[in-house]
Amino acid sequence: MSAANKVLIVGGGVAGLAVAIGLHNKGVGVEVVEKNADWSVYHVGIIVQANFVRALAQLGVGDAAVKAGFAYKGARFMSMDGQVIAELPGESAADGFPGDLGLTRPALHTVLTDKVKELGIPVRLGVTFESFNDTGDGVDVTFTDGTSGRYDLLIGCDGNYSAVRKVLWPDATPKYTGQGVWRYNVPRPAELEWSDLYIGKPGGKVGYCPLTEEEMYIFAVFEEKGNPKFAPETLADEMQKRLEGFGGQMAESAKCVTDPALVVYRPLEACIMPDPWYQGRVVLIGDSAHSATPHLGQGAAMAVEDAVVLAEEVAGKDDLAAALRAFMERRFERAKLVGTSSIQLGEWEMHPESAGNPVELTERIRVKLAEPI
Ligand SMILES: Cc1cc2nc3c(=O)[nH]c(=O)nc-3n(C[C@H](O)[C@H](O)[C@H](O)COP(=O)(O)OP(=O)(O)OC[C@H]3O[C@@H](n4cnc5c(N)ncnc54)[C@H](O)[C@@H]3O)c2cc1C
């Protein structure tokens, strides 16, 4: 019994690879098309929590992810001068697995691509859809390599600037939230086992997170009025300005931010779609359905949880409409909570006069997300 036997996945990122693995594990035939011929990702860090580790474990890649990353003790809120304000220890959500995990984006990509290759899932690189037509009993797709195919289900996993979403909901586009994020990988001090968030500077916050035994990354999230473009050669100086004024370990690690070519700067743009994220036989998951800001470090977790739940519902029901509705019932409120709370945290950073309590909100969401999906 399965609501779909032949599934096309558009996008081979976190959500696409996770849902490919999840559906394949349940005996559903899948194909992936990925626009990027190199299939490469930025060398930046990614912070994930217990619910992400649990979802990866459900897909059979939890051990590989933990081995590729650094299981740290949890998140700490720090004052600007480096004093601990609050500790949020990472609680495990899956037996034998850690709670909080840092890993590099390429390491996560390797864990997922290795599994996809091991399972023999077909992935066509440098290829995307040219058009698709949902005829009610199937989806006819033409591809940019001149081929075509017919599928029971098309899953849009093509990220924040989704082309699949644009076909179905042309008016839904990511909006600039007012902040940008600066990231840089630096050596990890041997004794550092927490991810620290330094708050108190108007407009944003800074922090770091261990990624491996040797490496951690520094991030600075700040208000960037007017969504400016920065000349590449100025990026290290600009990031240094955001890191000014902080003490503790941050003051030491900030000295390593020297090479503009190694700074990754991204304006924050979010797009949270209303329910439903599907029309007929086409559904969106991951950032294409609900891209948020990185304030809660939950984007990748939401993408993998979407994948686990969609695979369960599609493989476990014989009616596709019922499977997609059940998927929405299990996913919508949770992903919306993460998205709206992430944006709220950024708003509070930009408007401290009306700010709530970021420690309380972050802790509340962490407890909520540890609940089973
Ligand atoms: C600055 C920043 C910091 C972040 N930090 C964190 C963090 O610390 N922790 C965390 O959990 N999350 C974080 N995230 C979010 C996380 O990276 C995303 O939520 C996650 O990658 C979403 O997975 P996805 O598969 O939906 O999209 P992506 O990972 O973006 O994958 C989309 C894939 O689709 C491909 N694609 C695009 N268009 C097409 C097309 N037309 N046809 C075919 N393929 C296509 C792309 O090449 C890509 O491979 C951060 C995001 C940003 C921007």
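None of the values given here were measured: they were computed from a predicted structure. Read the numbers this way: they start at 1 and go in the same order the structure lists the ligands and their atoms.
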Taking all non-hydrogen atoms of both residues, which atom of G102 and which atom of C209 are closest, and how far apart?
CA-SG, 4.1 Å
At what distance is the nearest protein heavy atom to atom 25 (O) of ligand 1, and which residue and atom is it?
A15 N, 2.8 Å
What protein heavy atom lies closest to atom 39 (C) of ligand 1? Include the residue and the distance to one decimal.
D158 CB, 3.4 Å
Protein heavy atoms near atom 51 (C) of ligand 1, is at least one of them under 4.0 angstrom away?
no
Does atom 8 (O) of ligand 1 have a protein non-hydrogen atom under 4.0 Å from it?
yes
Nearest-neighbour protein heavy atom for atom 2 (C) of ligand 1, which is reported as residue plus atom name and distance
R183 NH2, 3.5 Å
Hey, what's the ring geometry for W277 with H290, parallel, tilted or perpendicular (30° and 60° as the breaks)?
tilted
One pair to check against salt bridge (Lys or Arg N to Asp or Glu O under 4.0 Å): R150 and D137. What are the steps and the verdict?
CA-CA 10 Å; R150 184 169 172 80; D137 53 356; 2.8 Å; yes
Are the side chain of W39 and the backbone of L125 linked by a donor-acceptor contact shorter than 3.5 Å?
no
Hey, is R266 touching ligand 1 through its side chain, its backbone, both or neither, going by heavy atoms under 4.0 Å?
side chain
Tell me which part of V181 gets within contact of ligand 1: side chain, backbone, both or neither, using heavy atoms under 4.0 Å.
side chain
Separation between CG (L168) and CD (Q279), nearest 0.5 Å, reads 4.5 Å
Protein heavy-atom partner closest to atom 15 (C) of ligand 1 - residue, atom, separation in Å:
G299 CA, 4.0 Å
Criterion side-chain hydrogen bond (donor to acceptor under 3.5 Å, both in side chains) against Q179, the qualifying member of E347, H295, E223
H295
For atom 12 (N) of ligand 1, what is the closest protein heavy atom, and at what distance to 0.1 Å?
A300 N, 3.3 Å
Start with the C-alpha distance between R366 and D100, add both sets of side-chain angles, then the distance that settles salt bridge (Lys or Arg N to Asp or Glu O under 4.0 Å), and finish with yes or no.
CA-CA 11 Å; R366 281 168 74 93; D100 288 1; 2.8 Å; yes
Are any of the heavy atoms in M302 under 4.0 Å away from ligand 1?
no
Where on S291 is there a heavy atom closer than 4.0 Å to ligand 1, on the side chain, on the backbone, on both, or on neither?
neither
Among all the protein's non-hydrogen atoms, which is closest to atom 13 (C) of ligand 1, and how far away is it?
I46 CD1, 4.1 Å
What protein heavy atom sits nearest atom 44 (N) of ligand 1, and how far away is it?
K35 N, 3.1 Å
I want to know if ligand 1 touches N36 in the polar sense, i.e. an N/O pair below 3.5 angstrom.
no
Is it true that T147 and R124 share a donor-acceptor pair across their side chains at a distance under 3.5 Å?
yes
Please state which protein non-hydrogen atom is closest to atom 29 (O) of ligand 1 and give its distance, to 0.1 Å?
R105 NH2, 3.3 Å
For D114 and T110, which I'm curious about, is there any donor-acceptor pair between the side chains at under 3.5 Å?
no
